[in-house]
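This report refers to the structure that appears directly beneath it.
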Amino acid sequence: MDERGQKQTGGLYKSPALVVMVAMTAAWLLGLPFVWHGRIGSAWLISGEVVLAGTLIHVATSFWYATVEISRRDASRLLLLAVSIGWAAEACGVRTGFPFGSRYIYHEAFRPQLPGAVPVAIPLAWYVLVRLPVVLLRRSEMPLWSKSILCGVFMAGCALLLDPLGQSIGLWKFAIDDGIALQATNALGWGSVSILITACYFGSAKHKIRLPTSAQRQLEVLLLTMAGFFLLLALAAGASRLNAIGPLTISIALMLPCWICWWRTFQRLSTFDALVQEDPR
């Protein structure tokens, strides 16, 4: 690549990196008030509107990055699958308890709500959360079902962290309090729904995974680094609000395989690039 091409590539990815940093930092700051022991409605910074605003920032950033990473059509497909399946699962859960182990209700301040008494932010949050393991596993050479199952395991880990946290904030409340048993069945529910979403997504993919450029990998690392900061924020909130270290530890263990797969793929691509640069033939 000549000097002009390098300048064009640098210009192309300088702005996206700024977009990711500004948007994700804004969402991170909106999440700070939820670390302490306030409950929804106790302050204007702990409200359904703040949750929705942070979720919308995440959705916009994730969707925009997906269009940069693959295509607008591909990004729209995952968004549609995650929101529609997530909404259907939540509406079923509110009404019957399936597949999350018990019926539950959302706080009346957690609005606006879709039909089925499901807040708009919840199906959108399914997209944001599922999108992360998809990014981590997209370039893996594993079979479709292996990827989908690992995505489900990742989301089960998210459930063990985020569900008790959401309950402590007052965002939702289960009809029963069955302790560890409910946490386990709820995590299985999260995992099962995620397997369905990602199996449909990976199975319907018609594009070929292309080797990312160095600039694209840098942008991916930035996005995942920001996601790591949100994980730390959630862990800090969990440690502050919850008295159980066990579920937090298991949560990290369940999410770890996806991160390991991404790191191995990243290292393989970096090694390939190094070999190409040494012998461009």
For the pair Arg241 (side chain) and Gly38 (backbone), establish whether a donor and an acceptor sit closer than 3.5 Å, ignoring hydrogens and angles.
yes

So, does Ser204 use its side chain to make a donor-acceptor pair with the main chain of Tyr201 at under 3.5 Å?
yes

When clusters are formed by joining ILVMFWY residues with side-chain heavy atoms under 4.5 Å apart, either directly or through shared neighbours, do Val153 and Ile260 land in the same one?
no

Any side-chain to backbone donor/acceptor pair from Arg111 onto Pro119? Under 3.5 Å, distance only.
no

Leu30 meets the side-chain contact (heavy atoms from CB on, under 4.5 Å) criterion, sequence neighbours left out, with Val50, Ala53, Ile57

Heavy-atom check, side chain of Thr55 versus side chain of Val51, under 4.5 Å:
yes

Smallest heavy-atom separation, Gly170 atom then Ile40 atom, equals O-CG2, 3.5 Å

I'd like to know if the side chain of Thr185 and the backbone of Leu182 have a donor-acceptor N/O pair within less than 3.5 Å.
yes

Which word best sums up how the rings of Trp190 and Trp126 line up, parallel for under 30°, tilted for 30 to 60°, or perpendicular for over 60°?
tilted

Partner set under ring-ring contact (aromatic ring centres under 6.0 Å, His included) for Trp87, not counting sequence neighbours
none

To the nearest 0.5 angstrom, please state how far the OG atom of Ser47 sits from the CD1 atom of Ile169.
11.5 Å

Which heavy atom in Val118 sits nearest to a heavy atom in Pro123, and how many Å separate them?
CG1-CD, 3.9 Å

N/O donor-acceptor pair under 3.5 Å between Ser251 side chain and Pro247 backbone
no

Ring geometry between Trp263 and Phe266 (parallel below 30°, tilted from 30 to 60°, perpendicular above 60°)
parallel

Look at atom CE of Met226 and say whether more than 12 heavy atoms of other residues, nucleotides or ligands are closer to it than 6.0 Å.
yes

Test side-chain contact (heavy atoms from CB on, under 4.5 Å) on Leu231 and Ile252 and set out the steps.
CA-CA 9 Å; Leu231 175 59; Ile252 295 173; 5.7 Å; no

4.5 Å side-chain heavy-atom contact, Thr25 and Phe229:
no

So Thr198 and Met155, do their side chains get closer than 4.5 Å, heavy atoms only?
no

Judged by atom type as modelled, is there a donor-acceptor pair below 3.5 Å linking the side chain of Arg131 to the main-chain atoms of Leu78?
no

Inter-residue atom distance Leu256.CG - Phe154.CZ, 0.5 Å rounding
10.0 Å

Please say which of Leu224, Val135, Leu132 ends up in a side-chain contact (heavy atoms from CB on, under 4.5 Å) with Trp262.
Leu224

Do the side chain of Arg103 and the main chain of Thr96 share a donor and acceptor less than 3.5 angstrom apart?
no

With side-chain contact (heavy atoms from CB on, under 4.5 Å) as the criterion, how do Tyr127 and His58 come out once you've worked through the C-alpha distance, each side chain's angles and the decisive distance to 0.1 Å?
CA-CA 9 Å; Tyr127 169 70; His58 274 289; over 6 Å; no

Lys/Arg N to Asp/Glu carboxylate O, Glu220 vs Arg138, below 4.0 Å:
no

Measure the spacing between CZ of Arg139 and OG1 of Thr265 and express it to the nearest 0.5 Å.
9.0 Å

Please check this pair: side chain of Ser240 against backbone of Ala236, looking for a donor-acceptor N/O pair closer than 3.5 Å.
no

Closer than 3.5 angstrom, by distance alone: can the side chain of Ser148 be matched with the main-chain N or O of Trp145 as a donor-acceptor pair?
no

From Gln167 atom CD to His107 atom NE2, the distance as rounded to the nearest 0.5 Å:
13.5 Å

Going only through I, L, V, M, F, W and Y residues with side-chain contacts under 4.5 Å, is there a path from Leu196 to Leu144?
yes

Any residue meeting side-chain hydrogen bond (donor to acceptor under 3.5 Å, both in side chains) with Trp172, in chain and number order, not counting sequence neighbours
Asp163

Should Leu232 and Met24 be counted in the same cluster of Ile, Leu, Val, Met, Phe, Trp and Tyr side chains packed under 4.5 Å apart?
yes

State, yes or no, whether a side-chain contact exists between Phe34 and Leu165 at a heavy-atom distance under 4.5 Å.
no

When every non-hydrogen atom of Pro33 is compared with those of Ile46, the smallest separation belongs to O-CD1, 3.6 Å

Nearest heavy atoms of Ser194 and Val130, plus distance in Å:
OG-CG2, 4.1 Å

So which heavy atom on Trp28 is nearest to which on Leu233, and how close?
NE1-CB, 3.6 Å

Does Thr67 reach the main-chain N or O of Trp64 with its side chain, forming a donor-acceptor pair under 3.5 Å?
yes

Distance-minimising heavy-atom pair for Cys258 and Cys151:
SG-N, 4.4 Å

With rounding to the nearest 0.5 angstrom, report the OG to CG distance, Ser62 to Leu129.
9.0 Å

For the CZ atom of Phe230 and the OG1 atom of Thr225, what is their distance to the nearest 0.5 Å?
12.5 Å

With a 4.5 Å cut-off on side-chain heavy-atom distances among I, L, V, M, F, W and Y, is there a chain of contacts connecting Leu80 to Leu124?
no

Do you reckon Val221 sits in the same ILVMFWY cluster as Met255, going by side-chain contacts under 4.5 Å, direct or chained?
yes

